[in-house]
Amino acid sequence: MTTQTLKQTETKARTMTGAQIVIEALKEQGVDTMFGYPGGAVLPIYDALYSENSIRHILVRHEQGAGHAAEGYARSTGKPGVALVTSGPGATNMVTPITDAMMDSIPMVVITGQVPTHLIGTDAFQECDTVGITRCCAKHNYLVTDVDDLARTIHEAFLIATSGRPGPVVIDIPKDIQFATGSYIGKEGVHKPTYQPKTEPSAHAIKDALALMKAARRPVFYTGGGVINSGPEASALLRELQAATGFPVTSTLMGLGAFPASHKDWLGMVGMHGSYEANNAMHDCDLMICVGARFDDRVTGKVSAFSPGSKKIHIDIDPSSINKIIRVDVPIVADCKEALKALLAGWKKIKGAKPDLEDWRGQIDKWRERDCFSYPANDGSIRPQYAVERLYELTKDRDTYISTEVGQHQMWAAQHYHFEEPNRWMTSGGLGTMGYGLPAAVGIQAAHPESLVIDIAGEASVQMVMQEVSTAVQHKLPIKIFILNNEWMGMVRQWQELLHGERYSHSYSESLPDFVKLAEAYGAHGIQCSDPAELDQKIMEMIGHPGPVVFDCLVTKAENCLPMIPSGAAHNEMIVGSISGDEIDAEGRKLV
């Protein structure tokens with residue numbers, strides 16, 4: 001065969017339809033699972049997927065479910081999640097999970113169909129400006145108008161979604177581009193010279209940070225989801241650096257698991273519903289080392305009163321996060337893994353670096369004595385905190401992943417379920433999306449078929465996505481949905497009690513379904529429990545069932561989620577223990 005004939009053969013072999021290009025690019029990117037819902041504008045891609053056995057497609061019941069499932073898959077594996085939906089309402093139903101992934105830095109590639117190029121702008125059937133709609137809530141987006149650009153665009157999307165600060169990337173593909181024939185190029189031929197995230201820390205910044213660390217007497221590591229996003233090595237380096245320094249560690253909601261909850265220097269979660277010791281340590285520390293967190297409002301409380309006496313080091317791969325909310329003394333723009341590695345190497349070179357923290361530990365122990373997560377004993381009904389504690393005790397030695405919906409149950413799960421490893425805790429932090437946990441559990445279970453996957457839910461949140469139980473049944477995904485059912489939109493009720501004179505406007509969940517019958521209607525297993533004495537037995541029944549389970553755990557109806565930093569208050573102004581609305585002022589602060 002001549003060279004010219006060989007080149008012609010190679011060119012012919014790499015020529016395919018746009019729909020085939022999509023599937024080939026996904027395969028080359030290592031995609032083994034995707035989540036989606038077909039529609040007219042993506043039927044060519046679904047047709048190409050029909051005979052493809054290397055990619056498992058999970059058919060959801062709503063496009064929002066596809067997005068959250070892709071998030072759960074990504075968060076539990078560290079790999080990008082992939083979702084495929086049609087144009088118009090398919091794309092608009094994806095806006096919530098796209099925004100959710102953006103705020104929580106979850107790598108995700110969303111492929112949407114679009115009307116043919118000659119119809120764009122004509123208000124054609126199921127047309128919407130997907131690029132315009134998602135421009136503000138995605139890390140990047142594309143409208144592909146040339147089939148020869150399609151493969152390069154997909155490979156670029158994966159690069160952008162997974163590097164720097166991870167996030168969602170949207171690829172909008174008109175239907176005629178899916179039918180058109182074009183050339184395929186592999187990912188090795190794709191580069192993005194205008195996108196080069198800084199991953200290595202500045203030597204000067206590391207030197208300045210080490211000087212502050214050596215001089216500190218009341219230090220604290222404040223860690224976030226960036227540590228987990230940086231990969232398992234970052235969590236291991238955090239643990240090694242903590243062992244070398246002896247500094248106590250706290251974490252945001254999104255960072256739980258990066259540092260083991262059983263460690264003697266673990267302070268618990270920080271922020272609005274964080275621990276008494278974590279919040280007081282953040283307020284009184286003389287050095288705060290922020291690793292992969294972004295000083296969001298649920299952590300800082302009143303910004304002007306946030307840790308007023310401390311020096312602050314901030315490690316973040318996103319330069320726009322530096323000094324955005326809190327002014328810091330030493331900014332380190334870098335990947336958390338690389339920054340921690342540099343700090344650890346530098347610390348080991350400092351002779352006698354480990355400071356005397358005896359007084360600081362003594363103060364922390366005094367705060368711990370408050371036992372801020374204690375709660376009254378069960379009084380014939382199940383306390384929600386007790387339910388989470390029993391769930392933890394009965395699952396902690398198993399290969400377990402936890403997702404949550406959003407509300408009181410989410411905070412109780414963060415407070416009372418203890419994580420030793422990263423990538424085991426999936427929740428909606430930044431956007432606070434009710435309905436996240438169930439489809440996220442679907443994505444987690446698809447990625448980890450042999451693991452125990454539990455969605456700790458509320459009866460209000462879970463009904464937003466209840467149809468995804470059908471997805472779990474169809475695809476034989478044995479997820480467990482553990483509902484803390486207090487018959488209220490619990491967090492809404494709590495704020496109405498504390499701030500709005502106990503005027504419970506539209507927060508009571510009337511006309512709730514019988515969750516056991518609803519589970520059975522979907523072909524799942526239903527369990528209900530209202531007796532604390534039966535809880536362990538029924539949790540074990542849930543764990544032992546081979547298929548999807550809906551567990552309706554009837555808990556006390558008016559429990560408040562405490563501790564709590566009221567709106568507009570500082571870290572050292574926490575509400576701890578029971579409180580009534582007449583002890584709170586109009587700004588949400590505890591009356592002294």
Side-chain angles (χ1 to χ4, degrees), residues 37 58-62 64-65 68-69 378 380-384 386-388 390-391 394-395 402-410 412-413 434-442 444-445 452-490 492-493 506-559:
Y37 201 96
I58 305 291
L59 175 66
V60 297
R61 299 304 184 263
H62 189 282
Q64 181 181 354
H68 293 321
N378 295 318
S381 60
I382 301 171
R383 298 279 180 185
Y386 176 79
V388 176
R390 295 314 303 156
L391 184 68
L394 295 171
T395 61
I402 299 293
S403 68
T404 78
E405 309 298 332
V406 169
Q408 285 181 317
H409 60 275
Q410 176 191 31
W412 282 317
M434 294 175 71
Y436 169 91
L438 198 168
V442 165
I444 299 162
Q445 193 78 78
L452 175 62
V453 179
I454 304 172
D455 170 31
I456 299 177
E459 84 289 336
S461 282
V462 77
Q463 289 191 85
M464 292 190 170
V465 291
M466 202 70 197
Q467 69 276 0
E468 300 306 335
V469 174
S470 178
T471 302
V473 171
Q474 176 185 341
H475 295 280
K476 297 179 171 58
L477 302 170
I479 62 173
K480 317 303 181 190
I481 305 161
F482 190 74
I483 303 172
L484 299 182
N485 185 351
N486 59 11
E487 300 183 5
W488 288 90
M489 299 176 200
V492 174
R493 184 208 58 76
H506 302 285
S507 56
Y508 183 63
S509 299
E510 297 186 70
S511 301
L512 285 172
D514 182 325
F515 284 107
V516 172
K517 290 182 179 178
L518 187 57
E520 292 169 351
Y522 278 119
H525 181 55
I527 302 172
Q528 186 181 82
C529 184
S530 60
D531 186 348
E534 297 178 353
L535 184 59
D536 281 19
Q537 173 193 342
K538 292 195 173 183
I539 289 176
M540 292 306 296
E541 179 187 344
M542 176 186 77
I543 294 169
H545 187 77
V549 176
V550 178
F551 190 119
D552 187 16
C553 186
L554 304 179
V555 299
T556 49
K557 296 183 177 10
E559 196 82 13

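For the 3.5 Å distance criterion, the side chains of Y436 and E405 fail to qualify, holding no donor opposite an acceptor. In this structure, a donor-acceptor pair under 3.5 Å is absent between the side chains of E541 and H545.
Taking CD1 of I539 as the start and CD of E534 as the end, the distance is 12.0 Å to the nearest 0.5 Å. Rounding to the nearest 0.5 angstrom, the gap separating the CD atom in Q408 from the CD atom in E559 is 8.5 Å. One distance of note links CG of L484 with OG of S461; it measures 11.0 Å at 0.5 Å rounding. Taken from CG in L438 to OG1 in T404, the straight-line distance is 11.5 Å, to the nearest 0.5 Å. Taking CG of L554 as the start and SG of C529 as the end, the distance is 8.0 Å to the nearest 0.5 Å. Put simply, CD on Q528 and NZ on K517 are 10.5 Å apart, with the number rounded to the nearest 0.5 Å.
Within the 4.5 Å cutoff, the side chain of M542 has heavy atoms near those of the F482 side chain. The closest side-chain heavy-atom distance from M466 to F515 is below 4.5 Å. Counting only heavy atoms from C-beta outward, the side chains of I58 and V442 approach each other to under 4.5 Å. Using a 4.5 Å heavy-atom cutoff, the side chains of L512 and Q463 are in contact. Considering only heavy atoms from C-beta on, F551 stays 4.5 Å or farther from K480 through its side chain. Residues Y386 and L535 are in side-chain contact: their nearest non-hydrogen atoms beyond the backbone lie under 4.5 Å apart. With a 4.5 Å cut-off on side-chain heavy atoms, I481 and I483 count as touching. Within the 4.5 Å cutoff, no side-chain heavy atoms of I527 are placed close to those of V516.
In terms of heavy-atom proximity, E487 sits nearest to N485 at N-OD1, 3.1 Å. Nearest heavy atom pair, residue P384 against residue T556, reads CD-OG1, 3.3 Å. Nearest heavy atoms, A440 versus S403: CB-CB, 4.3 Å. Of all heavy-atom pairs spanning C553 and A387, the tightest one is SG-CB, 4.0 Å.
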Go through the steps to decide whether Q467 and Y522 satisfy the test side-chain contact (heavy atoms from CB on, under 4.5 Å), and finish with yes or no. CA-CA 8 Å; Q467 69 276 0; Y522 278 119; 4.0 Å; yes
Derivation and outcome, side-chain contact (heavy atoms from CB on, under 4.5 Å), residues T395 and L452: CA-CA 8 Å; T395 61; L452 175 62; 3.7 Å; yes
Please report the C-alpha distance between I456 and I402 in whole Å, then the side-chain angles of each, then the deciding distance to 0.1 Å, and finally whether the side-chain contact (heavy atoms from CB on, under 4.5 Å) criterion is met. CA-CA 7 Å; I456 299 177; I402 299 293; 3.8 Å; yes
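N378 places a side-chain N or O within donor-acceptor distance of the main-chain N or O of R383, the cut-off being under 3.5 Å.
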Would you mind writing out the side-chain donor-acceptor pairs for residues 469-479 within the sub-3.5 Å range, not counting sequence neighbours?
from	atom 1	to	atom 2	distance (Å)
S470	OG	R61	NE	3.0
S470	OG	R61	NH2	3.0
T471	OG1	E468	OE1	2.6
Q474	OE1	R61	NH1	3.2
Q474	OE1	R61	NH2	2.6
H475	NE2	L59	N	3.1

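By the side-chain hydrogen bond (donor to acceptor under 3.5 Å, both in side chains) test, E459 is found to be paired with S509, residues two or more places apart in sequence or in another chain being considered.
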